[in-house]
K.L.:
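Take this structure first; my questions come after.
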Amino acid sequence: MHEMEALLREYDRARAYTDDLWKDLSPDEVTWRPHENSSAIGWHLGHQAHVAHFMIRNLTAAEPSPDPELDALMDSANPERFRGALPTIRRLTDFRTTVAERVHARMGDIAVGRVGAPAQLAIVAGHLLTTLINHEYQHDQWISEVRTNDLGHALPPDPDCDLVRRVDGYLVIDGL
């Protein structure tokens with residue numbers, strides 16, 4: 001249970017870092033694409049949440065999408081040239097918030113054994129959360145590149161945590 005709580009804190013830390021990367025940007029900057037074969041910061045924001053929901057749904061709880069209309073758009077199998085028609089910033093934010101709440105709820109149920117096969121799901125959940133955290137940071141790197149290289153904004157400091165380090169330029173959680 002303590003490892004699950006620690007991983008959920010790290011998931012929240014990764015999401016907060018993502019927020020630090022984009023919340024001070026204008027809506028035009030969040031939806032701007034450097035070229036047709038690239039993804040806007042807003043797409044990455046939706047994709048991070050989409051993957052979190054998809055993994056929770058398929059690995060621990062068969063539940064419907066919080067916003068089914070976003071599923072195809074935010075799927076990385078969708079070619080970049082078709083990722084231009086993004087929803088509003090509000091809708092992206094609501095989607096991210098709802099998915100994070102569902103991640104917490106499902107991981108909480110697993111942590112206290114309120115699921116079938118609780119020991120097996122506890123193992124799955126630990127690896128799943130680690131993957132979700134690292135996926136969040138993976139897209140943060142790409143958000144950072146657009147933020148600095150294309151939009152000219154400074155980066156916030158890396159998360160202050162002994163468990164987070166850079167590997168090949170990407171933040172990763174490593175150590176739980």
K.L.:
Would you name the heavy atoms of Arg13 and Pro159 that are closest together and state the gap between them?
P.N.:
CD-CB, 3.7 Å
K.L.:
Run the numbers on Val172 and Arg165 for side chain to side chain contact (heavy atoms under 4.5 Å, CB included), then give the verdict.
P.N.:
CA-CA 6 Å; Val172 294; Arg165 63 188 181 102; 4.2 Å; yes
K.L.:
Rounded to the nearest 0.5 Å, what separation is found between the CG atom of Leu129 and the NE2 atom of His127?
P.N.:
11.0 Å
K.L.:
Other residues, nucleotides and ligands only: do more than 12 of their heavy atoms fall within 6.0 Å of NE2 on His104?
P.N.:
yes
K.L.:
Using modelled atom types only, decide if a donor and an acceptor are shared between the side chain of Gln141 and the backbone of Gln138 within a distance under 3.5 Å.
P.N.:
no
K.L.:
With no hydrogens and no angle check, is any side-chain donor or acceptor of Asn134 less than 3.5 Å from a backbone partner on Ile173?
P.N.:
yes
K.L.:
Looking only at heavy atoms, which two atoms of Ala154 and Thr148 are closest? And how far apart?
P.N.:
C-CG2, 4.5 Å
K.L.:
Provide the closest heavy-atom pair for Trp32 versus Asp150 in the form atom of the first, atom of the second, distance.
P.N.:
CZ3-CB, 3.4 Å
K.L.:
Looking at Tyr17 and Pro157, what are the two nearest heavy atoms and their distance?
P.N.:
CE1-O, 3.3 Å
K.L.:
Got a second to check how far Ser144's OG is from Asn149's CG, nearest 0.5 Å?
P.N.:
9.5 Å
K.L.:
Does His50 reach the side chain of Phe95, with side-chain heavy atoms less than 4.5 Å apart?
P.N.:
yes
K.L.:
Nearest heavy-atom pair of Leu7 and Gly126: which atoms, and what distance?
P.N.:
CD1-O, 3.6 Å
K.L.:
Measure the OG1-CE distance between Thr131 and Met55 for me, rounded to the nearest 0.5 Å.
P.N.:
5.0 Å
K.L.:
Less than 4.0 angstrom from a charged side-chain N to a carboxylate O is my criterion; do Asp20 and Arg15 meet it?
P.N.:
no
K.L.:
Look only at the side chain of Arg83 and the backbone of Ala40, and say whether a donor-acceptor pair between them is shorter than 3.5 Å.
P.N.:
no
K.L.:
Just checking, any donor-acceptor pair under 3.5 angstrom between side chains of Glu80 and Ser38?
P.N.:
no
K.L.:
Would Glu136 and Arg96 count as a salt bridge (charged side-chain N to carboxylate O under 4.0 Å, His left out) here? Give the steps.
P.N.:
CA-CA 11 Å; Glu136 188 83 12; Arg96 288 177 59 80; 2.8 Å; yes
K.L.:
Please tell me if the side chains of His44 and Val146 come closer than 4.5 Å, counting only heavy atoms from C-beta onward.
P.N.:
no
K.L.:
Side chain to side chain contact (heavy atoms under 4.5 Å, CB included), that's the test. Do Arg33 and Ser39 meet it? Break it down for me.
P.N.:
CA-CA 6 Å; Arg33 298 168 66 190; Ser39 301; 5.9 Å; no
K.L.:
Supply the atom-to-atom distance Leu25 CG to His153 NE2, rounded to the nearest 0.5 angstrom.
P.N.:
5.0 Å
K.L.:
Are any of the side-chain heavy atoms of Arg147 and Asp24 separated by less than 4.5 Å?
P.N.:
yes
K.L.:
Measure the spacing between CG of Leu86 and CE of Met74 and express it to the nearest 0.5 Å.
P.N.:
5.5 Å
K.L.:
Hey, what else clusters with Trp142 if you join Ile, Leu, Val, Met, Phe, Trp, Tyr whenever side-chain heavy atoms sit under 4.5 Å?
P.N.:
Tyr170
K.L.:
Please check if the number of heavy atoms outside Asp162 that lie under 6.0 Å from its CG is greater than 12.
P.N.:
no
K.L.:
Could you pull out every donor-acceptor pair under 3.5 Å between side chains of residues 112-122 and any protein atom, sequence neighbours left out?
P.N.:
residue	atom	partner	partner atom	Å
Arg114	NE	Asp109	OD1	2.9
Arg114	NH2	Asp109	OD1	2.8

K.L.:
Sequence neighbours excluded and cut-off under 3.5 Å, please list the side-chain donor-acceptor pairs for residues 87-94, or say none.
P.N.:
residue	atom	partner	partner atom	Å
Thr88	OG1	Arg91	N	3.0
Arg90	NH2	Asp94	OD1	3.1
Arg91	NE	Asp67	OD2	2.8
Arg91	NH2	Asp67	OD1	2.8
Arg91	NH2	Asp67	OD2	3.3
Arg91	NH2	Glu69	OE1	3.1
Thr93	OG1	Ile89	O	2.8

K.L.:
Drop me the distance from Ile143's CD1 to Trp22's CH2, to the nearest 0.5 angstrom.
P.N.:
9.5 Å
K.L.:
Any side-chain heavy atom of Leu155 sitting closer than 4.5 Å to one from Leu21?
P.N.:
yes
K.L.:
Run the side chain to side chain contact (heavy atoms under 4.5 Å, CB included) test on Leu45 and Thr18 for me, step by step, so that the C-alpha distance in whole Å, both residues' side-chain angles and the decisive distance to 0.1 Å come before the verdict.
P.N.:
CA-CA 8 Å; Leu45 298 172; Thr18 302; 3.5 Å; yes
K.L.:
Answer whether the closest heavy-atom distance between the side chains of Asp75 and Val51 falls below 4.5 Å.
P.N.:
no
K.L.:
Give the intermediate values and the outcome of side chain to side chain contact (heavy atoms under 4.5 Å, CB included) for residues Asp71 and Phe54.
P.N.:
CA-CA 9 Å; Asp71 288 346; Phe54 182 81; over 6 Å; no
K.L.:
Closest approach of Val164 and Tyr137, non-hydrogen atoms and distance?
P.N.:
CG2-OH, 3.8 Å
K.L.:
If hydrophobic clusters are built by linking Ile, Leu, Val, Met, Phe, Trp and Tyr wherever their side-chain heavy atoms come under 4.5 Å apart, do Leu128 and Ile123 end up in the same one?
P.N.:
no
K.L.:
Check Arg102 with Glu63, please: is the shortest side-chain N to carboxylate O separation under 4.0 Å?
P.N.:
yes
